[in-house]
Amino acid sequence: METIQTDVVIIGAGGAGLRAAIALAEADPGLRIALVSKVYPMRSHTCAAEGGAAGVVKPDDSLEQHFNDTVGGGDWLTDQDAVELFINEAPKELVQLEHWGCPWSREDNGSVAVRPFGGMKIKRTWFAADKTGFHLLHTLFQTSLRFDNIQRFDEYFTTDLLVADGRVQGCTAIEMRSGMMHQFQAKAVIICSGGASRMFPFTTNGSIKTGDGTALAYRAGAPVKDMEFVQYHPTGLPGTGILLTEGCRGEGGVLRNKDGYRYLQDYGMGPETPIGEPVLKTMELGPRDRLSQAFWHEQKKGKTIETQWGDCVYLDLTHLGEARIKERLPFVHDLAKSYLGVDMITDMVPIRPVVHYMMGGIHTDINGAAGLPGLFAAGECACVSINGANRLGSNSLTELLVFGRRAAESAVAYINGGDKTVDAGAANDRAEASRARITALFQKSGGGETTSGIRREMTESMESGAGIYRDEESLKATCGKIAELRRRYNDIELHDKSNVFNTDLFQILELGSMLDLAETVAASALARQESRGSHQRLDFTERDDSRFLKHSMAHYQGEGPPRIDYLDVTITKSPPGVRDYSGDHK
Amino acid sequence: MSLRQIELEVLRYDPEQDDEPRFQKYSVPCQEEWVVLDALNYVKDNLDGSLSYRWSCHMAVCGSCGMMIDGEPTLSCKAFLRDYGSKIRVEPLANFPIERDLVVVLDDFMSKLKRVKPYLIPKQHKPIADGEYRQTPRQLKLYKQYTLCINCTLCYAACPQFALIPDFIGPAALALAHRYNLDSRDGGRAERQEEVASHEGIWECSFVGACSEVCPKSVDPAGAIQQMKIASTVDWYLERLMPWRNK
Ligand SMILES: Cc1cc2nc3c(=O)[nH]c(=O)nc-3n(C[C@H](O)[C@H](O)[C@H](O)COP(=O)(O)OP(=O)(O)OC[C@H]3O[C@@H](n4cnc5c(N)ncnc54)[C@H](O)[C@@H]3O)c2cc1C
Ligand code: SF4
């Protein structure tokens, strides 16, 4: 087996992974950095982010306000030390990106422009038209090309972490073009492998978002945190799940039910605001969890419109006019027109809530250190707890930057703090075991299960049992179903026996990741007997701070369901309060 | 939901098994609003798990799923079945070596991207604490179009020059160099010229314009190359005829 000796391996070359790689390269030009990704960096799903990245820059804004919006938006399940650090470092990171060439949209005087976003009381979202993530990703990728010590391994599929003597000492990955297993022996590993929303049937996430990195950390013994918090974005295109950015509402778009009525006013987000004059943190600029939940109620009342792709409400942008739509929202204008045949300049667009983002992930401290020595994580795969029970739109892109860099810096500090020599023999044994597992898949025949079949059953069960609203019965059913599917998973047969770009194999491995994580979502949700943020229980409708002002921690238990225990939330200055998104809040 | 039966004729090639590429036919029950990628996914999930192709975002921004569809370089996630007949031919992007089935080898493209130094080489250094560089909307507009490239390489598959001379740096990479050259914050044009104005650079382009026609993001690489040729010609005159200008 080919062995790559390096100092730090980064798994994932999206926004978080690239930011980490650049930070490592800048910290020490002599450091050997291996950047491993199952797709070319610019294909990473960060490219799909549309709306923007939050950071305080304007004179009317303050760090304190960003702090309050984020903590309240997360329904007090955020760690306040992490949030504080995040908002402090956010503006610097966004300026840094500007210095690297990011084409941010501008004011007439040449300063960066900001737009309103849901749940934010002040306009503070930097944007590059409606392709912010795309520009962020390409700017980072192109900047990374300056550094010769970032060695890329594009289209390498990571399969396992190498853990020896209680320390993470590298990983294994399959070179997709040859099918050859490689081992990366390293002093530290940073996981930046993105989210896992593909475990649901209707999602804004690309096919690569299967939670592989989170799953391999979990299996290696690092706990995953707050997995029950799954964000539904209120405005997805029916059929495809393509996102219409929150920027649509930031620019003044409104939601209407089948009678044309702006129903959000009935769910604590009113009174109705005048058309064309959006008011921050009110009505359409309420947070995502509330908006998606309001949809569910409208559906129950029969106020949604039926379409061939399920029930919808309308996003109405017609009052914005052609010029503004084409300047500020050109991409989504094209998307709605191409994929749904609706021109948002003249017509209302049918939309419905769509699974978008995992608040939970690999538990890390505020420096990005995960639950095993030598292991770090950042980005959507991680849970440093700035998002709590509900992420505010546009905090995630900034999070990639802030914590991508921090994880890199703490990996450097870790490496320099004492002897981190790799135990080559032990690492090699682990790597051989990983290879044997793949070889066994190639040799096995029979079984009768299919990847697509099990995947379909998993996604359906997640939506029906662990969706926008949940209860004990639905969650128990889903826990049972996922446990069953995990057993049946072993009977999937690999039909494609080629070594070259074997997507049949990679889909099996991805499904394995999703099943393990799906089980943590359902089990954590079942155990949390309260409603908070995106986790809404029909049988426990109130937030219960006395029992659940705590992070859920899921620990891997092999074939059985995860063990769940709890970790205290860090509260520094904002005691749990009421989330008020009515127009009366001041 | 109305169904429509489509016959996909897909190029297959596994270097471990096949001496040469072959075509395989699949009859796929499709929904009216599907794109070609949906039909391929149907094949993968239901008919033949061994079919290999790249895709991710399904919203025309990750750049993974470029293929020849009925002979035209196209993103399969934006190739609507309604625009095609009942028989559709799908092949890997032209002008690239085939890795397997619809997957092509991208090493050459990736190295060309790097060669043109596609990153900001600042005109003047500015500490982060001093905030952002000022750039007016008008200055932004000058280069914005050239930032929109998703690296899908459709333009390379369409380019007759690249087909003849594989060393040609090619449309997307040159357009990216142009993007940075035009950025008011950048001072790196002279450094990029070494590659851009070399014999493998802009002068190789015969201005057929096929690249701009197939570009799904309206980047207009042909226009970028044309503008660079003019700028380089001006450079040449300035150097030769007015040498004192460089002093
Ligand atoms: C449609 C959409 C719009 C969004 N809009 C916004 C927005 O406006 N503002 C905002 O703040 N947030 C937004 N988000 C959220 C945000 O974009 C994501 O959370 C973020 O981009 C994730 O970045 P990442 O670097 O963590 O992961 P990704 O960019 O997903 O990258 C993951 C990387 O991990 C690699 N990887 C995964 N598994 C493996 C494996 N097994 N082996 C090797 N490599 C692997 C992949 O190849 C990839 O390089 C949006 C999300 C979506 C889906
Ligand atoms: S210039 Fe256009 S066609 Fe060429 S790679 Fe970029 S987006 Fe694709």
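So that the names make sense, note that chain A is the first sequence line, chain B the second, and so on, each numbered from 1.
- Within the 4.5 angstrom heavy-atom criterion, only side-chain atoms of K217(B), from C-beta onward, approach chain A.
- The aromatic rings of Y156(B) and F162(B) lie perpendicular to each other, with more than 60° between the two planes, well past the 30° mark.
- If you measure heavy-atom distances from V103(B) to chain A, the contacts under 4.5 Å come from the side chain alone.
- For chain B, the option among N205(A), L340(A), T204(A), D108(A) with the highest count of heavy-atom pairs below 4.5 Å is D108(A).
- Both the backbone and the side chain of C77(B) come within less than 4.5 Å of a heavy atom of chain A.
- A donor-acceptor contact closer than 3.5 angstrom is absent between the side chains of E132(B) and W126(A).
- Contact of K114(B) with chain A is made through backbone and side chain together, with heavy-atom distances under 4.5 Å.
- In this structure, chain A has a heavy atom under 4.5 Å from the side chain of L140(B), while its backbone stays farther away.
- Most heavy-atom pairs under 4.5 Å with chain B: of the set W104(A), F331(A), F141(A), Y40(A), this distinction falls to Y40(A).
- With a threshold of 4.5 angstrom between heavy atoms, R115(B) does not approach chain A through any atom at all.
- Proximity to chain A (any heavy atom under 4.5 Å) is shown, for R138(B), by neither the backbone nor the side chain.
- Here T136(B) is the residue among T136(B), D183(B), N46(B), D48(B) with the most heavy-atom pairs under 4.5 Å with chain A.
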Let me see the working for Y339(A) and F80(B) under side chain to side chain contact (heavy atoms under 4.5 Å, CB included), right down to the final yes or no. CA-CA 9 Å; Y339(A) 290 94; F80(B) 291 90; 3.8 Å; yes
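- For K117(B), the salt bridge (Lys or Arg N to Asp or Glu O under 4.0 Å) criterion is met by E191(B), not counting sequence neighbours.
- Proximity to chain A is limited to the backbone of Y53(B), based on heavy atoms less than 4.5 angstrom apart.
- Between chain B and the options H138(A), R455(A), H495(A), the largest number of non-hydrogen pairs under 4.5 Å is found for H138(A).
- Put simply, of L106(B), D130(B), D186(B), the one with the most heavy-atom pairs under 4.5 Å next to chain A is L106(B).
- Only the side chain of E50(A) comes within contact range of chain B, with at least one heavy atom under 4.5 Å from a heavy atom of that chain.
- Residues forming a ring-ring contact (aromatic ring centres under 6.0 Å, His included) with F202(A) (at least two apart in sequence, or on another chain): none.
- With chain A as partner, the option from L176(B), I121(B), N41(B) having the largest number of non-hydrogen pairs under 4.5 angstrom is L176(B).
- Between chain B and the residues G206(A), G101(A), G241(A), the largest count of heavy-atom pairs under 4.5 Å involves G101(A).
- In this structure, chain A has heavy atoms under 4.5 Å from both the backbone and the side chain of Y133(B).
- The nearest pair of heavy atoms linking V10(B) to L40(B) is CG2-CD2, 4.3 Å.
- A donor-acceptor contact closer than 3.5 angstrom links the side chains of S338(A) and D334(A).
- Interface remark: S111(A) contributes backbone and side-chain atoms alike to the contact with chain B (heavy atom separation under 4.5 Å).
- Top candidate by heavy-atom pairs under 4.5 Å with chain B, chosen from G110(A), C47(A), G133(A), G341(A), is G110(A).
- With chain A as the partner, the residue from P122(B), G63(B), C57(B), P15(B) showing the most heavy-atom pairs under 4.5 Å is G63(B).
- Taking the six-membered ring where tryptophan is involved, the planes of F153(A) and Y156(A) are perpendicular, since the angle between them exceeds 60° and thus also 30°.
- A salt bridge between E510(A) and K38(A) is present, with a side-chain N of the basic residue lying under 4.0 Å from a carboxylate O of the acidic one.
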Between F501(A) and F157(A), does the ring pair (Phe, Tyr, Trp, His ring centres under 6.0 Å) criterion hold? Intermediate values first, please. CA-CA 10 Å; F501(A) 218 93; F157(A) 191 104; over 10 Å; no
Stepwise salt bridge (charged side-chain N to carboxylate O under 4.0 Å, His left out) test for R43(A) and E155(A): CA-CA 11 Å; R43(A) 316 295 189 216; E155(A) 300 198 324; over 6 Å; no
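- The minimum heavy-atom distance between A157(B) and L93(B), with the atom names listed, is CB-CD2, 3.8 Å.
- Heavy atoms closer than 4.5 Å to chain A are found in both the backbone and the side chain of P118(B).
- Per-residue counts of heavy-atom pairs under 4.5 Å with chain A were compared for M110(B), R179(B), H125(B), K144(B); the largest is that of M110(B).
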Tell me, with the steps shown, if M42(A) and I150(B) meet side chain to side chain contact (heavy atoms under 4.5 Å, CB included). CA-CA 8 Å; M42(A) 62 280 184; I150(B) 58 173; over 6 Å; no
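- For D45(B) and R456(A), the salt-bridge test fails: no basic side-chain N is under 4.0 Å from an acidic carboxylate O.
- Only the side chain of D14(B) comes within contact range of chain A, judged by heavy atoms closer than 4.5 Å.
- When each of Q17(B), Q139(B), H58(B) is scored by its heavy-atom pairs under 4.5 Å with chain A, the top score falls to H58(B).
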